[in-house]
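Starting from 1, each residue takes its place in the sequence as its number. Numbering of ligands and ligand atoms starts at 1, following listing order. Since this is a predicted model, take the numbers as computed values, not measurements.
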Amino acid sequence: MKLPPGVSARDFDTAVQRFQSVVGPEWVFTNDEDVHLYRDAYTPFYGEEGEIIPSGGIGPNSVEQVQEIVKIANQYGIPLWPVSTGRNLGYGGAAPRMSGTMVLDMKRMNRVLEVNESLAYAIVEPGVSYFDLYRHLRSINSRLWIDSADPGWGSVMGNALEHGTGNTNHHDHFDSHCGMELVLANGELMRTGMGALPNSPSWATFRYGFGPYISAMFGQANFAIVTKMGMWLMPEPEAARNYLVAVPRKADLVPFIDTLCNLVNRGILNSTWQVASPLLSSQAPEIAELVRNGAPVEELERAGHAANLGYWGTRLRLYGPPEIIEAEWKYIQERLSAAVPGAMFTPGHSYEFPIDPETVEDPPDDLFARASISIPNLNIFSIGGASRSQGHIFFSPIIPMSGRELVKAQEVFGQAFKDLGMHPPNFIGGMAFFKRNLVVLFGLPVSKDPAANQKLRENFRALVKVAAANGWGEYRTATAFMDDIMNVFSFNNHALRRFHETIKDAVDPNGILAPGKSGIWPKRFRESRT
Ligand code: ADP
């Protein structure tokens, strides 16, 4: 058991008793077996001194209980780490940033509070998973779509707060939220936007309310606990179509990305896509061998041409009435053909709605097929299954959605991987998770071997610096590296971090909410910053 720093065993025990009287003894977890579940399964510190071990977990069932818990935490100085479902795998799971923090596990608060069919939104509690919201919508015969993150067991709210993304036209989850209810660090309840106006019917429709747009500062932050959130949903379209696009040459990447970017900016491409090399996923043994051996570009281009695969490719998804999709697809083909001679176009899966979810089969080459038509699932966990990987953490730098910038990122990260003695990834691609940007995502394997993990940590930190030297920063990170990321957002002697800290000290003077989250440390623990 790890006590919170600076808290005596006696005070901790008293606080635990008080927590028990609020939520019931069975919902306060302090024995090792239970606390183990709140460790990060993918920690890069497995079994080492630096591994973050919480002091316990608390499972409230109502907003009032959260308020009571916060008041007690203030009294005894118990730091709390709020999670919604705590499934933030690859970015720290349910584990806090600082050992001894108690996990405030809001999984039991899993009510869908409202669904508005014509305005297309839902208001949810923290513990509502994609599966929960999906089932709820089906049970009331709603024709609204959720946009699920890759694992359907995650929290609609938690994922949005962490700036997570999905697959459909509503893939930017924080951008799709509207209106929050918050428990502040002093236990007070606050609503943002139109929610501040009692009985407003626009809480989940008009996000700005009046005055500063405060909701934005509760994403990836530790200024309050979110207990309700409005989420815009997508009316079920008449159809969804998938298309594969490929371009023949390595050098086509620049016009390929730039044209896709233009299609995004025009509002023609509204769902997520990612550019990768189809050669990488080819089952043909001769192509796999060329890739493995790092064959020269001309040879790879030739093989890609012979197999009709191309050198770079992407899958595009369009939603809407079939005639509009057809027109958009025609326009996309014209634009891409004009920009990239030899661009290839292949229609893929096509769906008409409503659909019977049981009959949807996942095409073997498309893990995200179900999620892309609003059916939450856990297919993502089949990746790496065969490799016996013990998990991974993500290195997720953001670059502008520009072909030249991606080519530069390929060179920079390719070289950095070599310099660090890591196997440089073939064909570094980009994920269009956010408009006007690409995420250049790397999953770095964690291990149970401390020496390997130590190397991983060094490499990760080195990559953060290499990225920053080129002006690229991560959009999200595992708890272990939050300080490293915040450290490079250093304009004008860390003015942004100092501003975060000023807010933190003002709204949470006792430093009880998620110390260290996103590199924001309260005064009380500021010396813990690494
Ligand atoms: P998911 O299970 O969807 O991946 P989590 O519940 O693990 O998401 O949440 C991800 C992170 O977002 C948490 O570690 C926490 O820092 C923050 N977070 C989640 N829910 C809340 C909340 N209700 N209030 C404040 N912060 C939250």
Would you check, one step at a time, whether the test ring pair (Phe, Tyr, Trp, His ring centres under 6.0 Å) holds for Tyr38 with His36?
-> CA-CA 5 Å; Tyr38 291 115; His36 184 74; over 10 Å; no

Ligand 1 versus Ala224, non-hydrogen atoms closer than 4.0 Å: side chain, backbone, both, neither?
-> backbone

Would you mind telling me if ligand 1 is within reach of the side chain of Gln220, the backbone, both or neither, using heavy atoms under 4.0 Å?
-> neither

What residue and heavy atom of the protein are closest to atom 20 (N) of ligand 1, and at what distance?
-> Ser84 OG, 2.7 Å

Distance from atom 21 (C) of ligand 1 to nearest protein heavy atom, with residue and atom | Leu161 CD1, 3.4 Å

Nearest protein heavy atom with distance in Å, relative to atom 13 (C) of ligand 1 | Pro82 O, 3.8 Å

The one among Leu80, Val226, Leu104 that brings a heavy atom closest to atom 24 (N) of ligand 1 = Val226

Taking atom 9 (O) of ligand 1 as the reference point, the nearest protein heavy atom with its distance | Gly158 CA, 3.9 Å

If hydrogens are left out, which of Glu125, Lys517, Lys107 has an atom nearest to atom 16 (O) of ligand 1, that is, the closest non-hydrogen atom?
-> Lys517

Does Ala514 reach ligand 1, in the sense of a heavy atom lying below 4.0 Å from it?
-> no

Atom pair OG/CG of Ser271 and Asn167 - distance to nearest 0.5 Å = 8.0 Å

For Ser129, is the nearest heavy atom under 4.0 Å from an atom of ligand 1?
-> no

Crowding at CD, Glu527 (>12 non-hydrogen neighbours, <6.0 Å) = yes

Note: ligand 1 atoms sitting under 4.0 Å from heavy atoms of Asn159 are 3 (O)

Trp81 ring centre to Arg97 NZ or CZ under 6.0 Å, with the angle to the axis within 45°?
-> no

May I ask you to list the atoms of ligand 1 that are less than 4.0 angstrom from any heavy atom of Gly154?
-> 3 (O)

Ligand-side contact atoms (ligand 1) for residue partner Ile225, heavy atom cut-off under 4.0 Å = 24 (N)

Short N or O distance, Gly86 and ligand 1, threshold 3.5 Å exclusive = yes

When you look at NZ of Lys465, are more than 12 heavy atoms from neighbouring residues, nucleotides or ligands closer to it than 6.0 Å?
-> no

Ring pair (Phe, Tyr, Trp, His ring centres under 6.0 Å) between Phe353 and Trp145: does it pass, once the steps are laid out?
-> CA-CA 11 Å; Phe353 304 102; Trp145 269 20; 5.0 Å; yes

side-chain contact (heavy atoms from CB on, under 4.5 Å) against Ser447, all qualifying residues, sequence neighbours excluded = Gln390, Asp449, Ala452, Asn453

Go through ligand 1 atom by atom and flag the ones less than 4.0 Å from a non-hydrogen atom of Met106.
-> 22 (C), 23 (N)

Would Trp81 count as a contact of ligand 1 if the rule is a heavy atom under 4.0 Å away?
-> yes

Geometric class of the His177/Tyr213 ring pair [parallel <30°, tilted 30-60°, perpendicular >60°] = parallel

Just say parallel, tilted or perpendicular for the rings of His173 and Tyr130, cut-offs at 30° and 60°.
-> tilted

Within 45° of the axis and under 6.0 Å from the centre of the six-membered ring of Trp273, does NZ or CZ of Arg317 qualify?
-> no

Residues which pass salt bridge (Lys or Arg N to Asp or Glu O under 4.0 Å) with Asp11, listed by chain and number, not counting sequence neighbours | none

With atom 12 (O) of ligand 1 as the reference point, say which of His173, Met482, Glu162, Met180 has the nearest heavy atom.
-> Glu162

Going by distance only, is there an N or O of Val83 that falls short of 3.5 Å from an N or O of ligand 1?
-> no

Number the atoms of ligand 1 from 1 as they appear, then name those within less than 4.0 Å of a heavy atom of Met157, with their elements.
-> 23 (N)

For the ring pair His163 and Tyr475, is the centre-to-centre distance below 6.0 Å?
-> no

Note the single closest protein heavy atom to atom 3 (O) of ligand 1, along with its residue, its atom name and the distance in Å.
-> Ser155 N, 2.8 Å

On a heavy-atom basis, the closest approach of Phe489 and Glu474 is CZ-O, 4.1 Å

How far is atom 2 (O) of ligand 1 from its nearest protein heavy atom, and which residue and atom name does that atom have?
-> Thr85 OG1, 2.4 Å

